[in-house]
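Lettering of chains follows the sequences in order, A, B, ..., and the numbering in each one begins at 1.
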Number of protein chains: 2
Amino acid sequence: MRDRSDHRPTMGDIAEAAGVSQMTVSRVLRGSGSASAEARARVEQAAHQLGYVPNRLATALRDESTPLVAVILPTLGNRVFSEVLAGVTETLAGQGMQPVFGVTEYDPLREAALVRDLLSWRPRGIILPGLEHAKGTRAAIRASGVRVAEVMDLDGDPISVAFGLSQVEAGRATARHMLARGYRRFGWIGAQGGRDLRASKRLAGFRETVRAAGAQMVAERVFDGPSAMVQGRRGTAMLLDGLARPDAIYFANDDLAAGGLMHCLAEGLTVPRDVALAGFNGLGFLEALPVRLTTVETPRREMGISAARHVMGDGPVAEAKVDLGFRLVAGETS
Amino acid sequence: MRDRSDHRPTMGDIAEAAGVSQMTVSRVLRGSGSASAEARARVEQAAHQLGYVPNRLATALRDESTPLVAVILPTLGNRVFSEVLAGVTETLAGQGMQPVFGVTEYDPLREAALVRDLLSWRPRGIILPGLEHAKGTRAAIRASGVRVAEVMDLDGDPISVAFGLSQVEAGRATARHMLARGYRRFGWIGAQGGRDLRASKRLAGFRETVRAAGAQMVAERVFDGPSAMVQGRRGTAMLLDGLARPDAIYFANDDLAAGGLMHCLAEGLTVPRDVALAGFNGLGFLEALPVRLTTVETPRREMGISAARHVMGDGPVAEAKVDLGFRLVAGETS
DNA sequence: CTGTCGAATGTTATCGATAACAAGGCGCGG
DNA sequence: CCGCGCCTTGTTATCGATAACATTCGACAG
């Protein structure tokens, strides 16, 4: 038969030890249905003694429902996403639900594979970044019938509901601000080899506004790797040493922008007189910098919270896009 | 019978559509056993047509084994842990495994509850921070038979294998460095209301070494909330305004230390002449600060990678403690 | 021409928990 | 004293995938 010693105890084992049926064990341990005080005590004693741990796989299979939520993130290397994840996690934990997650490193194919993988756990919902996905991903998710929340971006057509902000509008707002301050020759520094589509949208909005005002983009530099301060620093050096010297640089995010600021400090350049700088996200570490950076604050934790609430089914959201807004923070670099 | 429309397609549905038995479907889709080209084609066509997604719950239940690894973290609010998690995730992903995780917010009881919860998914392994756990947690994990890796800390008795560094020794090393530079009156600034036991160990090592050298701790300040730059700044202000003014401050981590540095810059104090500062972790953002902070670099990603490898069973590790080391980085603040 | 072997396929049982249904026993109203 | 109904407990079937075993059929050696 079954070798008890190398198997984790099951309700069957408890039943045997307590001299009752498995069903009674189930009823006692879940506190549903009725059981005599006598049976209750014996079962609880046996369960404790055997060190019983329920097997959720069985319950989930039987119930055709899990307390899992799939979460897909572009990377964990950027604080932005760990903050979104923190919002999701705290919200789920309050409801006894678990996140299962994976990272795509900005690769749509990896995202597609992850979606397939994660859906096979039959999660209650799935949260994923952005509105653009590999061919078929959208259909797969729709067909799966799980609740979906897309986060970060609002510029596009959500699968179901998107929680975030208009990236294009954020780019436009930044451009308007810079233009108002009198800058006319703009540079752009990005990372992730242009695979960060949200950054591309910000750039598009920025560029559009700049051009409409008769000003221009004079230099762009996009690095391949993850966005790190050192890249921002190098890129800034390149742009400022180039032929087409910008009088203001728009960075794909705060890390890059902070690196740009470092370059200026190291080279003794005066910001914003010699060059103006603007980042994106409003990360906490900006407070530590010697100069307050101009940036756009984004509701990272809130996106996580809202998305988690949505997939848990806390009230159906009518709209397909929930705008959580952004806030331009004019610092000392523009 | 069964209403096809509100159920996700199963192998049974494919079997029906393809006119074969469920078992043939299983064989075709998993590529095990043999099947005729004819059957293979029909099954694949039907599976695609129906948008079949396998149900891992069933497979996991049947196989009594999941590709899951439980990961417990103190918080996501500190970059340190998202870097550990990144190491874990990237390592697992390479082997087709999934992390399931939760955060404790430094509460041992929440940790105990999380362990119970996560173990009920019958993960292949579990990774958790530190060596101290609530009563019973240790026994529960041992009894569960999953592979265990504890990360961050080596000062104590691991459940199975620990990957990290000696926190006490890190504290001692920092103290030796500060003493060698001539400081004699030390302050300490912490957070998490003292619940961060690794920080407490560092302080213990630091204090011991300081006292052995005939120097002393003159002031300590531990905040209740999460460690943030602003707390470090406030704490530093308090210590420097107090009666027992330290000539050097040891911070529980880099965020607090960076805050301390900000205070000094804002007040026009000269570091380290007026006061020396030392942090812990060697986070990347330090590079952005105007002054290079003295700190201790820790192998965060490596801890995640090693722990993940261990729980996946990549070669049994003989030792109970794997020292991944640390490196004191003498900056411009000491 | 027959027996053997293996490829292809089907049938049954299983993992653990639990809904649905069945049945035994006891109390209480009529 | 009978019977209805509730409390307690047990039995069976189920979720989906798959290992183990059973069966069919054609090919081929002897």
For [X], which contact category applies under a 4.0 Å heavy-atom criterion: base, sugar-phosphate, or nothing?
| X | result |
| --- | --- |
| B:V20 | sugar-phosphate |
| A:R56 | nothing |
| A:T24 | sugar-phosphate |

[X], nearest nucleotide to its side chain (from [options]):
| X | options | result |
| --- | --- | --- |
| A:S21 | D:dT18, C:dA19, D:dT11 | D:dT11 |
| B:R62 | C:dA17, D:dG16, C:dT9 | D:dG16 |
| A:M11 | C:dT18, C:dT9, D:dA17 | C:dT18 |
| A:M23 | D:dC7, C:dA20, D:dG16 | C:dA20 |
| B:A35 | D:dA17, D:dT11, C:dT9 | C:dT9 |
| B:A39 | C:dT9, C:dC15, C:dT18 | C:dT9 |

task = Could you tell me whether B:R56 and A:D117 make a salt bridge, using a distance below 4.0 angstrom between a side-chain N and a carboxylate O?
result = yes
ask   = Does a salt bridge link B:R301 with B:E90, judged by any charged N lying under 4.0 Å from a carboxylate O?
value = yes
Looking only at side-chain N and O atoms, does [X] come under 4.0 Å of OP1 or OP2 in [N]?
| X | N | value |
| --- | --- | --- |
| A:Y52 | C:dA17 | yes |
| A:R30 | C:dG16 | no |
| A:S36 | D:dT9 | yes |
| B:T10 | D:dC15 | no |

query = Does B:L61 or B:S32 map to a spot on DNA chain D nearer the 5' end, using the closest nucleotide for each?
reply = B:L61
message = Reading DNA chain D from 5' onward, which residue's closest nucleotide shows up sooner: B:S26 or A:A37?
response = A:A37
key: For B:L131, the option from B:D153, B:L197, B:V151 that meets side chain to side chain contact (heavy atoms under 4.5 Å, CB included)   = B:D153
ask   = Aromatic rings A:Y106 and A:F81: how do their planes relate, parallel, tilted or perpendicular, breaks at 30° and 60°?
value = perpendicular
Nearest whole angstrom, please: distance from the [atom2] of [N] to the [atom1] of [X].
| X | N | atom1 | atom2 | answer |
| --- | --- | --- | --- | --- |
| B:Q22 | C:dG10 | CD | C1' | 11 Å |
| B:I14 | D:dT18 | CD1 | C1' | 14 Å |
| B:N55 | D:dT14 | CG | P | 18 Å |
| A:R122 | D:dG16 | CZ | C1' | 9 Å |
| A:E64 | C:dA19 | CD | C1' | 12 Å |
| A:L29 | C:dG16 | CG | P | 15 Å |

message = Taking atom types as they are modelled, would you say the side chain of B:R27 forms a donor-acceptor pair with the base of C:dG10 within the 3.5 Å cutoff?
response = yes
ask   = More than 12 non-hydrogen atoms from neighbouring residues, nucleotides or ligands closer than 6.0 Å to CZ on B:R116, yes or no?
value = no
key: Min side-chain heavy-atom separation B:I126-B:V311 under 4.5 Å   = no
